[in-house]
Amino acid sequence: MKTRDRLRIAMQKSGRLTEPALELLTRCGLTFRQSRDKLFCFGEGEPVDLLLVRDDDIPGLIAQGVCDLGIVGRNVLSEFQLTAGRELAPLSELRPLGFGRCRLSIAVPQELDYHGPQQLEGRRIATSYPGLLGEWLRTHAVNAGVVMLAGSVEIAPKLGTADAICDLVQSGGTLVANQLREAEVLLESEAVLAGPLTLPVDERGDMLELLLKRLDGVIQVRESRLLLLQTSRATLEAVTRLLPGGPQPTLLSVAGQPDQLMLQALCAGEVSWRQLEEIKKAGAREMYVLPVEKMLA
Ligand SMILES: Nc1ncnc2c1ncn2[C@@H]1O[C@H](COP(=O)(O)OP(=O)(O)OP(=O)(O)O)[C@@H](O)[C@H]1O
Ligand SMILES: O=P(O)(O)OC[C@H]1O[C@H](OP(=O)(O)OP(=O)(O)O)[C@H](O)[C@@H]1O
Ligand SMILES: [Mg+2]
């Protein structure tokens, strides 16, 4: 295969992961010019291009070396790892990305009094995930029939083609609408950055490493807030005690007011009005909560 000097990332062309994946890459400083066929996006600033494909094809494209990285659900990646031929290169989950959260679960008819895996013995289970389901059945020493369906799996019990299903669950709405209930969780999933087990040691490898560092910075601060406030030295301890998590705050002196301090703290998540009001009661003034855009340690 021809060697490439530009990094290529595969992501979903159109679906649940498309928007959040693009937003994440944009936050990492990547911008793209979309080609006319919209399947290949040329990276403008950095030597990183995008390939827009069906999510099921992403692991295979990485394993074949057509793409260096992919943004895909852990469910799709794990299924590929269990079912792909041995001739394909093994893949690894480089980073969890914090969106597209769902779980792969076995669900049974609502009226069934489910009390454990052995109840599935000899039953037929409909799924699009034969690899993950097969592995779970082996682990629990259950012999069950696996009925392959590409979609609309939840309808199978009503049609009489299966006794239970194994599919993705998020809100649980689809299960309820089909008179099913969750019985076993096989996998907790979210979008992940997938890549080869061993990273390339060339220019692409250097770019990949840089991208991972940027990604870590973005992920680390995505939920973070910077809290700025003023306090007197006398109330500093009480105020500090109420700060929501995060590393030690930084203290700055206020010009011309030796008794006053400016405090700066990185908070791990949202800072609520209730928390601000409590901190104010403890003696803080001039409080600001700022979103954090980038972080480079
Ligand atoms: N209900 C859900 N809520 C949240 N995340 C989900 C949900 N269903 C699936 N996902 C996650 O989002 C990924 C993409 O889901 P989507 O429904 O867009 O895929 P698809 O229909 O297989 O798309 P494609 O056309 O690319 O094959 C899934 O593989 C899973 O990781
Ligand atoms: O627990 P819920 O919030 O109801 O989500 C779960 C449903 O979402 C996905 O289907 P999707 O809506 O993508 O339909 P599709 O599989 O037919 O594309 C998944 O296959 C489940 O059917
Ligand atoms: Mg798909």
Side-chain angles (χ1 to χ4, degrees), residues 1-13 17-18 20-32 39-101 104 129-132 134-136 138-139 186-220 222 295-297:
M1 195 178 300
K2 224 173 89 201
T3 53
R4 281 179 286 114
D5 50 1
R6 296 174 66 85
L7 206 63
R8 195 180 286 163
I9 306 176
M11 58 165 269
Q12 199 183 19
K13 179 175 187 286
L17 305 182
T18 307
L22 265 180
E23 203 221 289
L24 185 67
L25 295 176
T26 306
R27 277 171 163 262
C28 289
L30 305 182
T31 51
F32 303 95
L39 300 179
F40 184 83
C41 302
F42 184 80
E44 293 182 310
E46 309 284 0
V48 182
D49 306 321
L50 282 185
L51 202 63
L52 304 181
V53 294
R54 290 281 307 270
D55 67 346
D56 317 69
D57 294 333
I58 293 174
L61 289 167
I62 306 169
Q64 292 162 36
V66 176
C67 291
D68 304 290
L69 297 169
I71 297 178
V72 66
R74 182 179 293 132
N75 50 306
V76 173
L77 179 64
S78 307
E79 180 67 21
F80 176 84
Q81 284 168 313
L82 288 168
T83 51
R86 283 180 191 280
E87 70 283 2
L88 284 171
L91 302 183
S92 76
E93 180 180 318
L94 298 175
R95 296 290 187 278
L97 300 176
F99 58 86
R101 287 187 202 278
L104 181 71
Y129 296 87
L132 286 161
E135 190 195 38
W136 186 89
R138 273 191 301 283
T139 309
L186 278 55
L187 178 80
E188 292 285 351
S189 186
E190 65 186 283
V192 302
L193 183 74
L197 213 51
T198 45
L199 303 182
V201 247
D202 54 13
E203 271 172 51
R204 273 186 297 154
D206 294 344
M207 187 60 221
L208 203 154
E209 228 170 89
L210 186 90
L211 186 62
L212 285 178
K213 285 210 183 88
R214 288 189 187 179
L215 203 59
D216 288 338
V218 170
I219 294 169
Q220 203 176 333
R222 194 163 39 192
M295 208 282 257
L296 192 61

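Everything quoted here is computed from the prediction, not taken from an experiment.
Here Glu209 pairs with nothing under the salt bridge (charged side-chain N to carboxylate O under 4.0 Å, His left out) rule; sequence neighbours left out. With sequence neighbours excluded, the residues forming a side-chain contact (heavy atoms from CB on, under 4.5 Å) with Leu17 are Gln12, Phe99, Ala191, listed by chain and number. Judged as a side-chain hydrogen bond (donor to acceptor under 3.5 Å, both in side chains), and not counting sequence neighbours, Asp57 has no contacts. With sequence neighbours left out, Leu197 forms a side-chain contact (heavy atoms from CB on, under 4.5 Å) with Pro90, Ser92. Listed by chain and residue number, nothing satisfies the side-chain hydrogen bond (donor to acceptor under 3.5 Å, both in side chains) test with Glu203 (two or more places apart in sequence, or in another chain). With sequence neighbours left out, the salt bridge (charged side-chain N to carboxylate O under 4.0 Å, His left out) criterion links Glu46 to Arg214. Contacts of Asp202 classified as side-chain contact (heavy atoms from CB on, under 4.5 Å), with partners at least two apart in sequence or in another chain: Pro200, Arg204. Residues passing the side-chain hydrogen bond (donor to acceptor under 3.5 Å, both in side chains) test with Asp55, sequence neighbours excluded: none. Scored by the side-chain contact (heavy atoms from CB on, under 4.5 Å) test, Ile219 finds Leu97, Leu215, Arg222 as partners (sequence neighbours excluded). Evaluation of the side-chain hydrogen bond (donor to acceptor under 3.5 Å, both in side chains) rule for Arg8 yields no partner, not counting sequence neighbours. Listed by chain and number, the residues in a salt bridge (charged side-chain N to carboxylate O under 4.0 Å, His left out) with Asp206 amount to none (sequence neighbours excluded).
By the 4.5 Å heavy-atom criterion applied to side chains, Leu7 and Asp49 are not counted as neighbours. Considering only heavy atoms from C-beta on, Leu69 comes within 4.5 Å of Leu208 through its side chain.
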Task: side-chain contact (heavy atoms from CB on, under 4.5 Å) between Leu91 and Gln81, worked out - done: CA-CA 7 Å; Leu91 302 183; Gln81 284 168 313; 4.0 Å; yes
Task: Test log, rule side-chain contact (heavy atoms from CB on, under 4.5 Å), inputs Cys41 and Leu52 - done: CA-CA 8 Å; Cys41 302; Leu52 304 181; 3.9 Å; yes
- [ ] Tell me, with the steps shown, if Arg6 and Val48 meet side-chain contact (heavy atoms from CB on, under 4.5 Å).
- [x] CA-CA 6 Å; Arg6 296 174 66 85; Val48 182; over 6 Å; no
TODO: Would you check, one step at a time, whether the test side-chain contact (heavy atoms from CB on, under 4.5 Å) holds for Leu88 with Phe80?
DONE: CA-CA 10 Å; Leu88 284 171; Phe80 176 84; 3.8 Å; yes
Please set out all donor-acceptor pairs under 3.5 angstrom arising from side-chain atoms of residues 71-79, sequence neighbours excluded.
| unit_1 | atom_1 | unit_2 | atom_2 | d |
| --- | --- | --- | --- | --- |
| Arg74 | NE | Glu93 | OE1 | 2.9 |
| Arg74 | NH1 | Glu188 | O | 2.9 |
| Arg74 | NH2 | Glu93 | OE2 | 2.9 |
| Asn75 | OD1 | Ser189 | OG | 3.0 |
| Asn75 | ND2 | Tyr129 | OH | 2.9 |
| Ser78 | OG | Arg74 | O | 2.8 |
| Glu79 | OE1 | Gly131 | N | 3.3 |
| Glu79 | OE1 | Leu132 | N | 2.9 |
| Glu79 | OE2 | Gly131 | N | 2.7 |

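A salt bridge between Arg4 and Asp68 is present, with a side-chain N of the basic residue lying under 4.0 Å from a carboxylate O of the acidic one.
Ala10 and Val53 make their closest contact through CB-CG2, 4.4 Å (heavy atoms, listed as atom of the first residue, atom of the second, distance).
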